[in-house]
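Quick caveat: nothing in here was measured; it's all calculated off a predicted structure.
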Amino acid sequence: MSKAKVIVVGPCEAGKTVLCNFLADATEFSGGEYHPTQGVRIVEFETNGPDKSRSAVDVELWDCSGDRRYESCWPAMIRDASGAIFVYNPDQPNHDKELDTWLSFILKNSRVKPKRSLCVAMHKHGEARRVKSNPRESARQHYC
């Protein structure tokens, strides 16, 4: 069986945990309250390859905290990653700048290439559209 480690990174309150739970078909529910991830949370599931002729893939989603106090742990979190999902909320001020920090770090310090990456803009349900931000140019060129 093949194994894939995918890191899910981005600013605090971007929706990384919600996305991980959705992708893994997890049933965890916090009742709408925000509970920040402490360090990293690993969600594992098995999925079939893109076509039935391929064997199943064991996927590890590494739901990484966006809190900068864990920055010293980033090298350990990204080690041996096969792909990355960059998540941000375009309605939040400075999320585009924080996303650029993650992009720069991962480009310089991992083997994850743009073709094995995904950039996701998550809007919080019911949130008023306050700020319209876009990922910085480097994010669009490399990942979005």
Side-chain angles (χ1 to χ4, degrees), residues 1-127 132-144:
M1 179 182 307
S2 300
K3 191 170 192 171
K5 174 183 175 180
V6 179
I7 52 174
V8 182
V9 297
C12 292
E13 295 189 65
K16 298 177 297 293
T17 298
V18 171
L19 182 61
C20 287
N21 287 344
F22 174 77
L23 293 173
D25 201 19
T27 57
E28 293 180 35
F29 182 69
S30 65
E33 297 175 26
Y34 176 67
H35 298 283
T37 300
Q38 302 297 309
V40 68
R41 174 180 158 262
I42 302 170
V43 180
E44 296 182 82
F45 63 96
E46 188 177 303
T47 186
N48 291 325
D51 58 25
K52 297 292 181 187
S53 64
R54 293 188 181 181
S55 63
V57 178
D58 184 24
V59 179
E60 288 182 356
L61 291 178
W62 285 51
D63 178 7
C64 302
S65 172
D67 193 326
R68 295 292 294 260
R69 71 180 172 164
Y70 297 108
E71 192 169 353
S72 63
C73 301
W74 290 4
M77 291 177 189
I78 68 170
R79 184 177 298 126
D80 300 326
S82 357
I85 301 174
F86 298 90
V87 183
Y88 77 108
N89 182 339
D91 298 323
Q92 293 295 319
N94 297 320
H95 266 211
D96 57 341
K97 292 178 183 107
E98 290 181 53
L99 181 66
D100 196 46
T101 300
W102 278 101
L103 289 164
S104 297
F105 179 80
I106 290 171
L107 277 175
K108 292 176 186 171
N109 298 291
S110 78
R111 295 183 199 163
V112 174
K113 301 297 180 213
K115 67 181 180 181
R116 293 192 178 195
S117 302
L118 176 69
C119 183
V120 178
M122 299 274 288
H123 292 281
K124 192 172 186 180
H125 179 70
E127 185 175 83
K132 293 293 179 190
S133 63
N134 293 311
R136 298 180 110 188
E137 188 60 32
S138 61
R140 282 194 296 269
Q141 285 179 338
H142 295 290
Y143 292 96
C144 297

*Set of residues satisfying side chain to side chain donor-acceptor pair (under 3.5 Å) with respect to N109, sequence neighbours excluded*: none

Using the test side chain to side chain contact (heavy atoms under 4.5 Å, CB included), find all partners of [X] that sit at least two apart in sequence or belong to another chain.
X    : result
R111 : none
V59  : F45, T47, V57, L61
E60  : K3, K5, I42, E44, W62

What are the two closest heavy atoms between [X] and [Y], and how far apart are they?
X    : Y    : value
M122 : G15  : CE-O, 3.6 Å
P90  : H123 : CG-CE1, 3.4 Å
C12  : H95  : O-NE2, 3.1 Å

[atom1] of [X] to [atom2] of [Y]: how many Å apart, nearest 0.5 Å?
X    : Y    : atom1 : atom2 : result
I85  : D63  : CD1   : CG    : 10.0 Å
L99  : S104 : CG    : OG    : 9.5 Å
I78  : S110 : CD1   : OG    : 4.5 Å
S72  : M77  : OG    : CE    : 8.0 Å
L103 : D96  : CG    : CG    : 11.0 Å

*Those residues that, when tested against Y70, pass ring pair (Phe, Tyr, Trp, His ring centres under 6.0 Å) (two or more places apart)*: none

*Using modelled atom types only, decide if a donor and an acceptor are shared between the side chain of K16 and the backbone of P11 within a distance under 3.5 Å.*
yes

*Heavy-atom distance under 4.5 Å between the side chains of C20 and R41, does that happen here?*
yes

*Measure the shortest side-chain to side-chain distance between V9 and I106 over non-hydrogen atoms and say whether it is less than 4.5 angstrom.*
yes

_Qualifying salt bridge (Lys or Arg N to Asp or Glu O under 4.0 Å) pairs with a residue from residues 70-82, counting only residues at least two apart or across chains_ = R68-E71

*How would you list all residue pairs meeting ring-ring contact (aromatic ring centres under 6.0 Å, His included) that involve residues 2-24, not counting sequence neighbours?*
none

*Considering the options Y88, W74, F86, which one meets the ring-ring contact (aromatic ring centres under 6.0 Å, His included) requirement together with W102?*
W74

